[in-house]
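Keep in mind that the numbers below use all heavy atoms, side chains included, and drop hydrogens, waters and symmetry copies.
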Amino acid sequence: MAFPANRLRRLRRNETLRTLVRETRLTPEALVYPLFICPGTGIRKEVRSMPGVFNLSVDEAVKEVRATRALGVLSVILFGLPEKKDEVATGAWAEDGIVQRAARAIKSEVRDVVVMGDVCLCEYMSHGHCGIVKAEAQSFEAQSLGAAAAAPPATTEYEIVNDASLELLARTSVSLARSGVDIIAPSDMMDGRVGAIRTALDKAGFENTPILSYAAKFSSGFYGPFREAADSAPQFGDRRSYQMDPANVREAMREIELDIEEGADMIMVKPAMPYLDVIAAARERFDLPLAAYQVSGEYAMIEAAARNQWIDRERVMMESLLCIRRAGASMILTYYAKEAAKLLA
């Protein structure tokens, strides 16, 4: 029946009614808190472009995880800032790497927390790309992994070599699993990396370690603040030859499908809010747990607008997370995890 018999506002009259019929619910358990781990002790350095986000030494990261876990956020994902960088990302796969040390400390001191390890090489490469550069590929194949080669100058042609990079990604994944990381999360966008990582994990005895694949990671302008936080900006060129074209949703479905075929246990879309249609399409098509990453640029825009008093910060923060969840995300990686959990409590 039509108006006046049909009045949808009846169930909106007060918060109790609205809560009763709410279709989408946000809980702390659905949030994943990203942490940037740096060398040193007692370090808590705020990221200039991300107010409220910090580079943390291992001891400070443990404190942060303990506080976040007490609020009901069960999962964190770790990104590392190594002591030094080279052309074969040694800091990513070294047994005493910065993320490996953080994972061991967190798992030994905080109970019942899921530690995810981001698997990418950009933070650890001297050139800031997510794989081996073609100019270095022959050197990599001919020499030991500890060897170094000069990065090509910005004026030369360059190519990120896919297959040679897979060995480093697999080696990094096994190293993280050995350190206690519960979930391996490759974000490099090399073709075939999920299969290579799955094979390496199984061979090393980590057949029960799941893979959360950044299956549809777009080449986005929203990553800028992250690159400051992780010191991972490319020294030449950009990442458009391996990260996805923002124009393509059907290709995103192909990327996800291929990663599932290779053994991904969970999938991710990144960024989140500008790609809600991709999240919704992935949720409609695939039955795996689906993550979405509310990236640094999304966070920074909310913070900047709030500081100029153009928006209600808490309201927009919570609305943005709810919308990502409504689009179909099972879990949300967000720098607001800690604050959102406080409000949800």
Thr41 versus Asp59, side-chain donor and acceptor atoms under 3.5 Å: no

Which value, rounded to the nearest 0.5 Å, describes the distance between Ser330 atom OG and Arg325 atom CZ? 7.0 Å

Do Leu71 and Pro28 come close enough that some side-chain heavy atom pair is under 4.5 Å? no

Taken to the nearest 0.5 Å, the spacing of Phe206 CZ from Ile211 CD1 works out to 13.0 Å

Gln100 side chain to Ser179 side chain, donor-acceptor N/O pair below 3.5 angstrom: no

To the nearest 0.5 Å, what is the distance between CG on Asp188 and CG on Asn162? 8.5 Å

Can you check salt bridge (Lys or Arg N to Asp or Glu O under 4.0 Å) on Lys63 and Glu60, steps first, answer last? CA-CA 5 Å; Lys63 295 177 186 176; Glu60 289 295 321; 3.2 Å; yes

Just wondering, more than 12 heavy atoms not from Arg66 lying within 6.0 Å of its CZ? yes

Intermediate values then yes/no, side chain to side chain contact (heavy atoms under 4.5 Å, CB included), Glu167 and Arg171: CA-CA 6 Å; Glu167 182 178 344; Arg171 181 177 286 220; 4.0 Å; yes

Tell me, yes or no, whether the heavy-atom count around Arg315 atom CZ, taken from other residues, nucleotides or ligands under 6.0 Å, exceeds 12. no

Flag if over 12 foreign heavy atoms under 6.0 Å of CG, Asp287: no

Do Leu74 and Arg69 have side chains that approach each other closer than 4.5 Å (heavy atoms only, starting at C-beta)? yes

So, is the end of the Lys270 side chain (NZ or CZ) under 6.0 Å from the ring centre of Tyr223 and within 45° of the ring's axis? yes

Specify whether His129 and Tyr242 have parallel, tilted or perpendicular ring planes, treating 30° as the upper limit for parallel and 60° as the lower limit for perpendicular. perpendicular

How many angstroms lie between atom CD1 of Ile77 and atom CG of Leu212, to the nearest 0.5 angstrom? 6.5 Å

Stepwise side chain to side chain donor-acceptor pair (under 3.5 Å) test for Tyr336 and Glu303: CA-CA 11 Å; Tyr336 285 125; Glu303 289 299 303; 2.7 Å; yes

Joint cluster assignment, Leu276 & Leu26, ILVMFWY side-chain distance < 4.5 Å: yes

Taking the side chain as every heavy atom from C-beta outward, state whether Phe54 and Lys45 have any atom pair closer than 4.5 Å. no

If you count the non-hydrogen atoms of other residues, nucleotides and ligands that lie under 6.0 Å from CZ in Arg10, is the total more than 12? yes

More than 12 foreign heavy atoms under 6.0 Å from CD of Glu284: is that the case here? no

Could you tell me whether Arg240 atom CZ has more than 12 heavy atoms of other residues or ligands within 6.0 Å of it? no

Whether Phe36 and Tyr335 hold their rings parallel, tilted or perpendicular, with breakpoints at 30° and 60°: parallel

Applying side-chain hydrogen bond (donor to acceptor under 3.5 Å, both in side chains), name anything that partners Glu314, two or more places apart in sequence or on another chain. none

Mind checking what makes side-chain contact (heavy atoms from CB on, under 4.5 Å) contact with Ala67, not counting sequence neighbours? Lys338

Tell me, do Arg307 and Pro51 make a side-chain contact under 4.5 Å, heavy atoms counted? yes

So, for Gly42 and Ser57, which heavy atoms are closest and what is the spacing to 0.1 Å? N-OG, 3.1 Å

Could you walk me through whether Glu15 and Arg18 pass salt bridge (Lys or Arg N to Asp or Glu O under 4.0 Å), step by step? CA-CA 5 Å; Glu15 180 59 21; Arg18 291 191 294 271; 3.1 Å; yes

How close do Thr334 and Pro34 get, heavy atom to heavy atom, and via which atoms? O-CD, 3.1 Å

Here the gap from Ile132 atom CD1 to Leu121 atom CG, rounded to the nearest 0.5 Å, amounts to 8.0 Å

Angle between ring planes, Phe226 versus Phe79, binned at 30° and 60°: parallel, tilted or perpendicular? perpendicular

Counting only N and O atoms by type, is there a donor-acceptor contact under 3.5 Å from the side chain of Arg283 to the main-chain atoms of Phe286? yes

Could you give me the CA-CA distance, side-chain angles and deciding distance for Ser320 and Glu298, then say whether side chain to side chain donor-acceptor pair (under 3.5 Å) is met? CA-CA 9 Å; Ser320 67; Glu298 299 173 63; over 6 Å; no

Salt bridge (Lys or Arg N to Asp or Glu O under 4.0 Å) for Arg198 and Asp265? Distances and angles first, verdict last. CA-CA 10 Å; Arg198 182 75 274 157; Asp265 302 282; 3.7 Å; yes

CE-CZ distance between Met189 and Arg193, expressed to the nearest 0.5 angstrom: 5.5 Å

Indicate the atoms forming the closest heavy-atom contact of Ala281 with Val249, along with that distance. CB-CG2, 4.4 Å

Of all the heavy-atom pairs spanning Leu201 and Ser173, show the shortest one and how long it is. CD2-O, 3.8 Å

Evaluation steps, side chain to side chain contact (heavy atoms under 4.5 Å, CB included), between Ile98 and Leu81: CA-CA 7 Å; Ile98 187 67; Leu81 287 81; 5.7 Å; no

